[in-house]
Amino acid sequence: MKNEEPRIGVFVCKCGTNIAKVVDVPAVAEYAKDLPHVAYAGWQLFTCSEEGQNIIKKHIKKHKLNRVIVASCSPKLHEPTFRRTVIDAGINPFFFEMVNIREQVSWAHMKQKDDYGEATEKAKDLIRAGVYRAAELESIGSTTQKVPPVCMVIGAGIAGIAATTLLADNGYEVHLVERSPALGGKSAQLGFVFMTDTCGVCVPPRHGEMARKCLSKRILLNDPKINVYTQTEVTQFSGYIGNFQARLHSKPRGVNIDTCTLCGKCMEVCPVEVPNEHNYGLDNRKAIFYPYSQAVPRAPVIDFDTCTKCGKCQQICPVNAIHLDQQPKETEINVGTVIVATGFDVFKPEGLYGYGEYPNVISQFMLARILDPMSPTDGQLRRISDKRLPKRVGMIQCVGSRDPNYYSHCSRVCCQVAMKHAVYIKEHWPDTQVTVFYKDIRLQGKEYERYYLDAQRLGVEFHRADITDVKEDNNKSLNLTVDHHNGTQEQFPVDLLVLSAAMIPARGAKELARTMNLEVDLDGFFREYHLKLAPVDTTTNGIFLAGACSSPRDIAEASFMGAAAASHAAIPMSKGEVEVDLAKSIVDESLCIGCANCYAVCPYSAIYMEGGVAKTIEVACKGCGICVVECPAEAIQLRHYRDKQIYSQIEGLLANIGASKK
Amino acid sequence: MTVRIATMGMAGCSGCHIALLDTGTALLDLLKDVELVYSYPIVDTKNPIPPNIDVALVEGSIRTDHDQEMAKAMRKQAKCLIALGACSAHGGVNGLANTFNAQEGVEYVYHKTVLMAQKIVPHENVPQVLPADLRLSDVVKVDFVIPGCPPNPDEIAKVITTLLAGETPQLSKKSVCDECPLERLTEIPKKLRRTHEIPELGTCLLSQGFLCMGPATRAGCNAECTHRNMPCTGCRGPAETVWDQGIAMLDALAAMEEDQVANFKLPRLAGTFARYTYASSKLDNLRKGVKKK
Ligand SMILES: Cc1cc2nc3c(=O)[nH]c(=O)nc-3n(C[C@H](O)[C@H](O)[C@H](O)COP(=O)(O)OP(=O)(O)OC[C@H]3O[C@@H](n4cnc5c(N)ncnc54)[C@H](O)[C@@H]3O)c2cc1C
Ligand code: SF4
Ligand code: SF4
Ligand code: SF4
Ligand code: SF4
Ligand code: SF4
């Protein structure tokens, strides 16, 4: 096909009035007729419609076209559509070229002064570049890659668990990798959660079954399809869809979860006492401890950083479940797909509003732990300093969120969390005054507004204000300087100050992104491939995102997303294979000098060195083009984006320079 | 019928002519079939360029208006015009002058250097310096290029005999590494080094962190430098597929750790990466704006 004389068809789209309002589409089509190798050029109202596509097919036959250009919207949107159209007409999809005259022309030049003028000329320029490029295109085939029915889910929060159970219920094997000693993530540590006011550890045992079961029923730990790894992280990662390899490093737990009966004797005898990180120092824990009530697996864990190996726990344990000499474990697993569900962390607002300085300034997460029925205060509202019921509670919203000095995003749940806690306090301690200081109240989830109305009905006060100063008094209460948005200022005393601190990317997310070659956004959350078209996909085929690791989300959303990611991961696994086109890097071995530059820079490990030259693994290559740039001998090229194809496109773009406009 | 050959020198060091003489006995064989009608180091060239030249070899870059006129005059008489050597082919070391303003350069020489007692820039009866150093093909159409500083005598002889046989000579399309005997490591250098840090024998210089221009440079020299453990300086210009020799090597270095590249202070980037090609590099094009023909 290579030497065949190019016969190019150019189809210019009006996109209703989207393009036609700004660009003189018929004039552009007329212009395209005279460009080199163009055998047909015309325009349509909606090229992507069924009818529009049929017209393309008709002209392919009639004019014996072997290259097709559609000048319309972004290739991100319709390139796949038109590739299919040309395939139906018997043309290799890589002989299709798309020119974007909507986002790049009509939308960009909506405000041009003269009707049609400049935008029309720009559309002509871009189409000419496309025509020059189309003449250099080559036919590219595809290959298939086997995908075994095994998925790795990283993070066992609500999103990871939703994904895991859905996959297991559908018969796929899952490796669930959790960094902490317990499953359930943040929501399992929230005593009760909004929307349902149920406890945070409940998850449905099977999808589609309403009966709730606690995580503690060991649903995950007993399912033969699910391999659970706690205290485990992914330390190495490579491969591609169908063939990902991960190296897992598991810290020793020191306790056999199968034989432990959680009698608690070990925790009584252990002489080492340290602040309990799960309760933010509200109480202490031992070196051998059970992370929080209802934690799964239902067995204690030894913190070997503080354990003195005195052996007392081992002696007392009635079932010999304790192994003080347990070693870290390395496991290599091979999986077909991966779901990243590593969730979020709570921003620590050190230095803001007295946090970290005054004991009675806490975060909403700490308040959630205090109000948990199984908390050290038995769910009773208490101040930290004197364990007494606060009479006045203040809450400050958007701490670290929507703040150019910290994080630009809205954390999306903290308004709702504040409502939940305010309502709960008013319901249980009606004499305690609750005041919320906010910039905006943003409640957008199902049933969210109900909590707001409840809060107002119960007498929670809302002030739109900035808190410019916080001072502690002799009682360890706090004096707030409040700048109301109406211009007035006042001093406002509270006994407990609760900060709605931002939800931020999980600790280690950046490192994990680097290990797995995933992208993160400006705030550090994992970046999805396309927010609208592929919200659970990543730039790596076969790796998906779920839950709060890609943006702050509530439990409902995290759970939907877990299910969505699982369904996406199931597609290649149920088919057993994926089709991979070969528009990837290719080495001209006669030019390759074996310098290994490409091998060193490829972010997707798609290149290996053999016999003194570089070789590429097409399935693994993402077509990023970095190797092409790095190769000093220009021996490696990207098919579909070869130098000559790009240069001819540039040549086409510049071909008209100097020619008088119009 | 004898073939009429001419040679000419522009802004150059005559090294290419020496290389031509270095063809040795091959030259003697050649001279049996050809007539050298014009060649300043060899035969008298006071007369104007004679007509009906079959092959003209031009050394040196175009630096003055005189060079420009001579190149055009030679083009008129020659059926086949060959750019001989790096200066003629790519602008050569002279091209580095393009990193300066030409007029300021001239004034510096005539005003500031000690030998110039009078501090006058001569204007009459002397060629005028052009604003930029140009390669031969910037001024006239060139039929063939023999790269190298100096060009390889064997290659010169081969090109001429091929032409005499009525065929088109071919340069190697590969890079110097292709002819280099040193062993490559399949890892990129951790640290950049300067030549005085003495490379290990037998191992690819680039792998050891020495700036060897081999990968981006056209083969055909038999890798003479790296055979002697000296890094290639790129005198033969870009390899066939290489878009821009200097940029290709800069790109390749980008693979290294950021601080390594950032901490490596090169005295002159252009002089290192585009030593022989600056005048024809994309960098110079960018600086000059649109190229003149
Ligand atoms: C104070 C507060 C109160 C809230 N209250 C509510 C509420 O009432 N209702 C509601 O709907 N939402 C609430 N939310 C939001 C809720 O917590 C989240 O929607 C939910 O936890 C998101 O689940 P997830 O699985 O995406 O992430 P997470 O719950 O953060 O789970 C992620 C899991 O991944 C693990 N992990 C992280 N990194 C790694 C790694 N590198 N390797 C292995 N494992 C890793 C973590 O240990 C964790 O177990 C609240 C949030 C806050 C801050
Ligand atoms: S061995 Fe460690 S965990 Fe066990 S009782 Fe002693 S200090 Fe505590
Ligand atoms: S959810 Fe509310 S408190 Fe949280 S960042 Fe958004 S606006 Fe601020
Ligand atoms: S284009 Fe090159 S660097 Fe990018 S993924 Fe493919 S092989 Fe790797
Ligand atoms: S960078 Fe180019 S020359 Fe070097 S190994 Fe890769 S393909 Fe070969
Ligand atoms: S020493 Fe230079 S020429 Fe030889 S292989 Fe290495 S880079 Fe190429």
Residue part contacting chain A, namely of B:Ala239, when any heavy atom lies under 4.5 Å: neither

For B:Leu250, which atoms come within 4.5 Å of any heavy atom of chain A: side chain, backbone, both, or neither? neither

Measure the spacing between SG of B:Cys180 and CD1 of A:Ile593 and express it to the nearest 0.5 Å. 9.0 Å

For chain A against chain B, give me the donor-acceptor pairs closer than 3.5 Å, one per line with atom names and distance.
unit_1   : atom_1 : unit_2   : atom_2 : d
B:Arg184 : NH1    : A:Ile593 : O      : 2.7
B:Thr241 : OG1    : A:Ala633 : O      : 3.2
B:Trp243 : N      : A:Glu634 : OE1    : 3.1
B:Trp243 : NE1    : A:Tyr647 : OH     : 3.4
B:Ala252 : O      : A:Asn597 : ND2    : 3.2
B:Ala255 : N      : A:Glu630 : OE1    : 3.1

Side chain, backbone, both or neither of A:Val629 within contact of chain B (heavy atoms, under 4.5 Å): both

Taking all heavy atoms of A:Pro632 and all of B:Ala248, pick out the closest pair and write down the distance. O-CB, 3.7 Å

